[in-house]
Structure formats: C-alpha cells, structure tokens
Amino acid sequence: MSVAAAFKSLKSSALFSWKPTGKLQKTVANCIERTGQGLHSGDISTVRILPEAARAGRYFIFGSNVIRASIDNVVRDTPLCTALSKDGYSVRTVEHLLSALEACGVDNCRIEIDGSSNCDRSVEVPIFDGSAREWVDAINQSGLKVAVDIGGQSCQKLAPYLNEPVHVLHNDSFITAIPYPKVRITYGIDYPQAPAIGCQWFSSSMLDESTYSSSIGPSRTFCIYEEVEHMRNLGLIKGGSAETAIVCSMNKGWMNPPLRYDNEPCRHKVLDLIGDFSLLAQEGNQGLLVAHIVAYKGGHSVHAEFVRRLVGNDAVSEELTA
C-alpha cells in the first residue's frame, strides 16, 4: 500500500497529523509465551505474543473474542489499571505489556491470553515484578522482523504529530502537550502523606528502545502500605506482594528496598503513560504522540481521557477538562 493510501485510511483529528517516521512497521520474529499472576485478580494467566502482518496493529484474543488495543475499547472508571473490553469480554492491566510493545517497536502482533477459569469473561495480564522488564526481555529474546502484508509488501510506519496545545485537567492533576519535533515526556508526582516518595519529577526526550529498557521499563509499580487493606477490601491487588511492587509506609519509608532508581515511582508513571498513549495507535502505526507531554499527578483515567480528547471523542467528561 502506498503512503498516500495509508494516510487516507487512518482516523485523525484537527489536533494531530500522521507523518512518516522513516521506519518500516515491525512485528516479533518469534512467538513469546509467559505465565504469571494478575495483580488485582490474583489469578494465573498465560500470554502468547505472535507475529502479525503489516497494518494489523496490536490486538488481544481472549477465547474467540478479538479485542483491539484501541482507545475505543478502554473501560472507563477502572481503578488502578487500564482495561480493554469488547462484546462483554475484557482484558485487564494491559498497560505494562502495551508500554513495552510500543517502546520496543512491536507495531503489529496477535496477543492470545488464557485465564485460569475457562468460564470467566474477564482475564488479567500477569504483573510479574510490577514493571515492564519481563516483557522487554522477552521481546529482546524474540527479536523483531519487518512486518509484511498478504502480498509480501512492507509498510511505512507513521506517527501522530501534535498540531496545537492540548490539555486535560482534573482537580490538581493534569496532562498538557505542546507541539515538539520529537517525543518528550515530563512527569511529576506528589505524595506528601509518604515523605519517602514526596514530590519528584522525571523528564526524558531519549525514548528509544535502549533508553526505555535501561531507564523506564524496569521501574516498578508502587503503593502506600497503609492503603493496602482498603484496596483489598475493594477487591483490588489480590495478587500484590513485596515481589510485585515497591511498598512505602507513610511513617517508616520504603519497606522492600532497594529502589532501582531514586525516582522509581515517577519513572513508573512514565511507563504507564506510554502504555496508555499506545492506545492511539492505528493499523500498526506509532501510538505515542510526538509532542512535549507534561503530566502531573496523573493516572490511567486521566491518560485515557487525554487520548480521547486527541481523537475528538465528544464523551470526554467535563470535570476532566478545563
């Protein structure tokens, strides 16, 4: 397919434009299979990542159901994770896997996932150590290859470039983006109730696979120790432990040191943002917005609302906008 035809088939909006990256779309060279426990459900699941053709994009197969990794399928108001749903079936906690796939350049792949219960209509991606490192290592072991279509033709990879400033605001949390010639992410968090975390920032414009693998992918999810019981009473983090997250006490500080980075919690937020922004991807093209993205005290719901704003979804909540 010509570049002109590829442009014509993509959904766009006045806020961003698709432009060539100078790269070809890729897929995994070999099948990847990993089994582990879900963070929130505590259930065991197996994920298989298979090569796919150019322009197929990334999608999940759960049972016989196809669930595309698209903002159109994101479940609203899912606490502490990103979930995708289609026709009554859902895949939860997809953000770490999608972050690794986006950052490592796996543009097209079929992701088969099987849960421990064949009758369940919901399944969760394994959490492993709370970071994306297991997925990055698996992708590196597999390697990548150029994806081709059914006619054996490769396809130019496009990226979404921001045309004008955009922002989403919710109380004291916000995400804003301004046009910039490359991807740059600046992220800040503030946990005054846990001084060991406190206020911290991380910023990087070097978001290639190498930088992601060394500086972002290994950063683990985190939680406040005093909030664990409340979250479990809500049916969350049933599979959580000191092996699947870094845990900080309000009074005693980090309970399972050492940290991998001084600002590991903030870097993990960048990992999550890359995974959530990957849901802008279409037809095997880049999902991560080419812009300077600045986020403060964000989370999965705010990330998703920002992507919805980009694609012109009129269902954006008024309370999440300025």
field: Main-chain N/O of His40 paired to Glu124 side chain as donor or acceptor, under 3.5 Å
entry: yes

One should read off an interatomic distance between Ile127 CD1 and Ser41 OG, to the nearest 0.5 angstrom, of 10.5 Å

Check: Pro265 and Gln200 side chains under 4.5 Å, non-hydrogen atoms:
yes

Taken to the nearest 0.5 Å, the spacing of Gln25 CD from Cys155 SG works out to 4.0 Å

Glu264/Arg267 salt bridge by N-O under 4.0 Å criterion: no

Discussion item. Taking the side chain as everything from C-beta on, heavy atoms only, tell me whether Val183 gets closer than 4.5 Å to Ile185.
Written reply: yes

Q) Is the closest side-chain donor-acceptor distance between Glu305 and Ser301 under 3.5 Å? A) no

So, the side chain of Asn108 versus the backbone of Ala56: is there a donor-acceptor pair under 3.5 Å, distance only?
yes

Leu15 side chain near Glu164 side chain, heavy-atom distance below 4.5 Å: yes

* Asked: Do Leu24 and Val106 share a hydrophobic cluster, counting only Ile, Leu, Val, Met, Phe, Trp and Tyr and linking them when any side-chain heavy atoms are less than 4.5 Å apart?
  -> no

| said: Looking at Lys157 and Asp107, is any side-chain nitrogen of the basic one under 4.0 Å from a carboxylate oxygen of the acidic one? | reply: yes

Ignoring hydrogens and angles, state whether a donor on the side chain of Glu226 or Ser249 is under 3.5 Å from an acceptor on the partner side chain.
-> yes

Notebook entry, point to check: Is there a path from Leu50 to Ile139 through hydrophobic residues (I, L, V, M, F, W, Y) whose side chains come within less than 4.5 Å of each other?
Noted result: no

Show your working on side-chain hydrogen bond (donor to acceptor under 3.5 Å, both in side chains) between Asp208 and Thr211 and close with a plain yes or no.
CA-CA 5 Å; Asp208 57 14; Thr211 302; 2.8 Å; yes

Dump the intermediate steps for side-chain contact (heavy atoms from CB on, under 4.5 Å) on Arg55 and Gln153, then the final yes or no. CA-CA 11 Å; Arg55 301 186 71 243; Gln153 299 297 309; over 6 Å; no

So Asp190 and Lys297, salt bridge (charged side-chain N to carboxylate O under 4.0 Å, His left out) or not? Walk me through it. CA-CA 7 Å; Asp190 190 14; Lys297 296 178 69 173; 5.2 Å; no

| said: Checking the side chain of Ser142 only, and the main-chain atoms of Ala138 only, is there a donor and an acceptor separated by less than 3.5 Å? | reply: no

| message | If you define the side chain from C-beta out and look only at heavy atoms, does anything of Leu80 sit under 4.5 Å from Thr221? | response | no

Separation between OH (Tyr261) and CD1 (Ile216), nearest 0.5 Å, reads 8.5 Å

Exercise. Can the ring centroids of Phe277 and Phe306 be said to lie less than 6.0 angstrom from one another?
Worked result: yes

Note to self: Looking at Asp77, I'd like to know if its CG atom is crowded, meaning that more than 12 non-hydrogen atoms belonging to other residues, nucleotides or ligands lie closer than 6.0 Å.
What the structure shows: no

> Is Trp254 reachable from Ile224 through a run of hydrophobic residues whose side-chain heavy atoms are each under 4.5 Å from the next?
Replying inline: yes

| message | Under a 3.5 Å cutoff, is there a donor and acceptor pairing between the side chains of Thr186 and Ser203? | response | yes

**Verify same cluster id: Leu259, Tyr225 (apolar side-chain graph, 4.5 Å)** = no

Exercise. Verify the cluster assignment for Val75 and Val307: are they in a single hydrophobic cluster under the rule of side-chain heavy atoms below 4.5 Å apart?
Key: no

*Flag, side chain of Asn73 to backbone of Leu84, donor-acceptor distance under 3.5 Å*: no

Correct closest heavy-atom pair for Ile175 and Ala295 would be CG1-CB, 3.9 Å

Shortest non-hydrogen pair, Tyr212 vs Ala132, comes out as OH-CB, 3.5 Å

Between Trp18 and Tyr161, does the ring centroid distance fall short of 6.0 Å? no

Full working for side-chain contact (heavy atoms from CB on, under 4.5 Å) between Leu144 and Thr27 | CA-CA 6 Å; Leu144 303 182; Thr27 186; over 6 Å; no

Checklist entry - Counting only N and O atoms by type, is there a donor-acceptor contact under 3.5 Å from the side chain of Asp137 to the main-chain atoms of Glu134? => result no

Taken to the nearest 0.5 Å, the spacing of Ser45 OG from Asp120 CG works out to 11.0 Å

Show your reasoning for whether side-chain hydrogen bond (donor to acceptor under 3.5 Å, both in side chains) applies to Ser85 and Ser90.
CA-CA 4 Å; Ser85 180; Ser90 64; 5.2 Å; no

Do side-chain atoms of Asn65 reach the backbone of Phe62 as a donor and acceptor pair under 3.5 angstrom?
yes

Problem - Side-chain heavy atoms of Tyr59 within contact of Ile67, under 4.5 Å - result: no

Nearest heavy-atom approach of Cys109 to Leu101 is SG-CD1, 4.0 Å

Inset, instruction - Could you tell me whether the side chain of Asn256 and the main chain of Ala245 form a donor-acceptor pair under 3.5 Å? - result: yes

### Message
Checking Ile113 against Ile61 for the side-chain contact (heavy atoms from CB on, under 4.5 Å) test, could you report, in this order, the C-alpha distance in whole Å, the side-chain angles of both residues, the deciding distance, and whether it holds?
### Response
CA-CA 6 Å; Ile113 182 164; Ile61 299 292; over 6 Å; no

**Report entry** Asp129 and Arg220 ion-paired at < 4.0 Å
**Finding:** no

What verdict does the side-chain contact (heavy atoms from CB on, under 4.5 Å) test give for Val166 and Thr176, after you've listed the backbone C-alpha separation in whole Å, the side-chain angles of each residue and the deciding distance to 0.1 Å? CA-CA 6 Å; Val166 183; Thr176 187; over 6 Å; no

Discussion item. Could you check whether Tyr191 and Phe222 have their ring centres less than 6.0 Å apart?
Written reply: yes

Shortest non-hydrogen pair, Ile32 vs Val28, comes out as CD1-CG1, 4.0 Å

Result for salt bridge (charged side-chain N to carboxylate O under 4.0 Å, His left out) between Arg58 and one of Glu52, Glu102, Glu283 points to Glu102

Problem set entry | Donor-acceptor side-chain pairing of Asp276 and Thr82 below 3.5 angstrom | yes

Would you say that more than 12 heavy atoms from the other residues, nucleotides or ligands in this model lie under 6.0 Å from the NZ of Lys269, or not? yes

What one should report as the nearest heavy-atom pair of Ser13 and Asn163 is O-ND2, 4.5 Å

Without swapping roles, check the side chain of Ser278 against the backbone of Ser99 for a donor-acceptor pair under 3.5 Å.
no

TODO: Taking the side chain as every heavy atom from C-beta outward, state whether Val290 and Leu162 have any pair of such atoms under 4.5 Å apart.
DONE: no

For this session: Please tell me if the side chains of Val66 and Phe60 come closer than 4.5 Å, counting only heavy atoms from C-beta onward.
Result: no

CD1 (Ile178) and CZ (Arg184) are apart, to the nearest 0.5 Å, by 10.0 Å

Could you tell me if the side chain of Val123 sits less than 4.5 Å from the side chain of Asp114, heavy atoms only?
no

The reported gap from CG in Asp272 to CG in Leu98 (rounded to nearest 0.5 angstrom) is 11.0 Å

Any sub-3.5 Å donor-acceptor pair from Ser219's side-chain atoms to His268's backbone N or O?
yes

Notebook entry, point to check: Do any N or O atoms from the side chain of Gln282 and from the backbone of Leu10 form a donor-acceptor pair under 3.5 angstrom?
Noted result: no

Between His292 and Tyr180, the two heavy atoms sitting closest are N-CB, 3.3 Å

